[in-house]
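Everything below concerns the one structure shown next.
Both ligands and their constituent atoms are indexed starting at 1 by order of listing.
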Amino acid sequence: MNTRVKTVVDDIIKAVQDVLIKHDVTFEEYRAGFYYLIDAAEKHEIPLMLDMFFNQTICDIEMKSRQGSRSSVEGPYFLEGAPEITDQIKVGDKAEPLLIRAEVKDIHGNPVPDVLVDLWWSDPDGYYSGYTDDLPIEYYRGKIKTDDQGRISVMGSVPEAYPMTQERHGPVGNLIEMLGGQGMRPKHVHQKYRKEGYKTLTTQTYFRGENYLDDDPVKAVFDELCLDLKEENGVKVLDLDIVLDPAD
Ligand code: DHB
Ligand code: FE
C-alpha cells in the first residue's frame, strides 16, 4: 500500500461524496458529469481542465515554504524538449519583437550563473508550439543558461492572450461558460528556472494594463507577477528579476 496516495485519494473521494450528498445529485446528473469527463478525455482536454482548477493551488502550497520569486502555474503547454538557444527564439513573421532579459539571484542577492532557463509563450494567434503540425516546437520556446552574472538576454515576441473559450476548446470552454466565467487568459510569458542546489521555480509574467488580468480563468495572476513593458531603441523590453531559493 502507498500511504500517501491512500491518505490523499481517500480524502478526495470523501470530499466529492459529500458534495453529491449536499446537492442531492441525481443519477442523470452523475451520468452527465461522467460523459462530460469522457468527452474531455477524448478531446485531450483533461490536462487543461486539471491545470485550470488545481495548478495554482499547488503553487500556493509551494509559496508557504518559499522566500524567493512567486511560483505560478506551469499550465499544460511546457515541453521538456525545447531547443537550446543562444540569444534568439524563433518566431513567425506576424510576431511583434520583444527582448526578454532576466537577472537571476539567490536570496542573499548574489547572481546565480548556469541556471537552465526555459521560456515559452503563445504565438500572435494564441497558440503554443508543439501542439499543432503547423507550429513546430522550435518556435516560441527555448532553453538557455544564465551567464556568470546570472543573466540571460533573448529576442522573442510579445505573446497573445490565450483563449480557453468554447470557440477554441470544447468541453473546457463550455464549462467556463456554464460557470459564468470568461475564457481568455491574459498575455503571459512562461518561465522555468532550474539549477542543482536550488528549488526549481516555475512562473509566469503578465503585462500591466493588459486585458483579462482581473478575471483569469486559471486564477494565476498576482500583482508582483505583472510588469510594465519598457522600450529601448524602438524595441519592447521585458526585464525579469528572479530570486531562487536554496534547495531543502
Ligand atoms: C493554463 C495555463 C496557461 O498558462 C495557459 O496558457 C493555458 C491554460 C492552465 O493552467 O490550464
Ligand atoms: Fe500559458
Side-chain angles (χ1 to χ4, degrees), residues 36-37 39-41 43-63 69-82 89 91-92 95-96 98 100 102 117-132 135 137 139-143 154 156-193 200-208 210-227 229 238 240:
Y36 173 85
L37 289 176
D39 187 38
K43 292 175 178 153
H44 306 286
E45 290 197 9
I46 295 286
L48 187 68
M49 185 165 52
L50 289 176
D51 282 354
M52 173 171 79
F53 288 129
F54 304 119
N55 197 340
Q56 184 55 45
T57 306
I58 302 296
C59 297
D60 294 344
I61 295 166
E62 279 179 12
M63 287 317 294
S69 298
R70 174 178 275 282
S71 93
S72 179
V73 312
E74 177 171 299
Y77 301 109
F78 171 68
L79 289 173
E80 191 54 73
I89 290 181
V91 300
E96 182 184 5
L98 173 66
I100 303 171
V117 185
D118 269 271
L119 299 167
W120 71 105
W121 64 89
S122 61
D123 82 348
D125 297 317
Y127 286 98
Y128 282 88
S129 72
Y131 289 86
T132 48
L135 194 54
I137 185 172
Y139 285 80
Y140 302 97
R141 60 176 83 234
K143 30 164 70 82
V154 175
S157 68
V158 178
E160 191 43 88
Y162 176 84
M164 298 169 75
T165 50
Q166 162 70 346
E167 190 188 325
R168 272 271 293 276
H169 294 276
V172 165
N174 201 3
L175 184 58
I176 291 171
E177 278 158 33
M178 283 194 285
L179 297 176
Q182 71 81 34
M184 296 294 291
R185 293 222 65 225
K187 295 180 183 183
H188 55 277
V189 176
H190 290 268
Q191 304 133 60
K192 190 186 275 295
Y193 300 86
T200 294
L201 173 70
T202 305
T203 192
Q204 302 191 18
T205 301
Y206 305 89
F207 304 90
R208 218 168 258 156
E210 283 292 343
N211 295 331
Y212 316 116
L213 291 168
D214 292 340
D215 196 11
D216 176 21
V218 174
K219 310 271 184 289
V221 177
F222 294 81
D223 201 40
E224 70 214 78
L225 300 179
C226 300
L227 298 185
L229 278 186
L238 181 65
L240 305 167

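The structure places SG of C226 at 13.5 Å from NZ of K187, a figure rounded to the nearest 0.5 Å. The distance from atom OG of S122 to atom NE2 of H188, rounded to the nearest 0.5 Å, is 6.0 Å.
Backbone and side-chain nitrogen or oxygen atoms of Y162 are examined, and none is located within less than 3.5 angstrom of a nitrogen or oxygen of ligand 1. The shortest N or O to N or O distance between E74 and ligand 1 is not under 3.5 Å.
Every atom of ligand 1 with a heavy atom of Y128 under 4.0 Å away is listed here by number and element: 6 (O). Set against the non-hydrogen atoms of M164, the atoms of ligand 1 under 4.0 Å away are 8 (C), 11 (O). Residue contact check: L48 has heavy atoms under 4.0 Å from atoms 8 (C), 11 (O) of ligand 1. Atom numbering of ligand 1 starts at 1 in the shown order; those under 4.0 Å from a heavy atom of V218 are 1 (C), 9 (C), 10 (O), 11 (O).
For H188, the heavy-atom gap to ligand 1 drops under 4.0 angstrom.
By the side chain to side chain contact (heavy atoms under 4.5 Å, CB included) test, F53 pairs with M49, L175, L179, sequence neighbours left out.
Relative to the ring axis of Y127, R168 places its NZ or CZ within 45° and under 6.0 Å from the centre.
Excluding waters, the set of protein N, O or S atoms lying under 2.8 Å from the Fe ion (ligand 2) comprises Y128 OH, H188 NE2, H190 NE2.
Of all the heavy atoms of H190, the ones lying under 4.0 Å from any atom of ligand 1 belong exclusively to the side chain.
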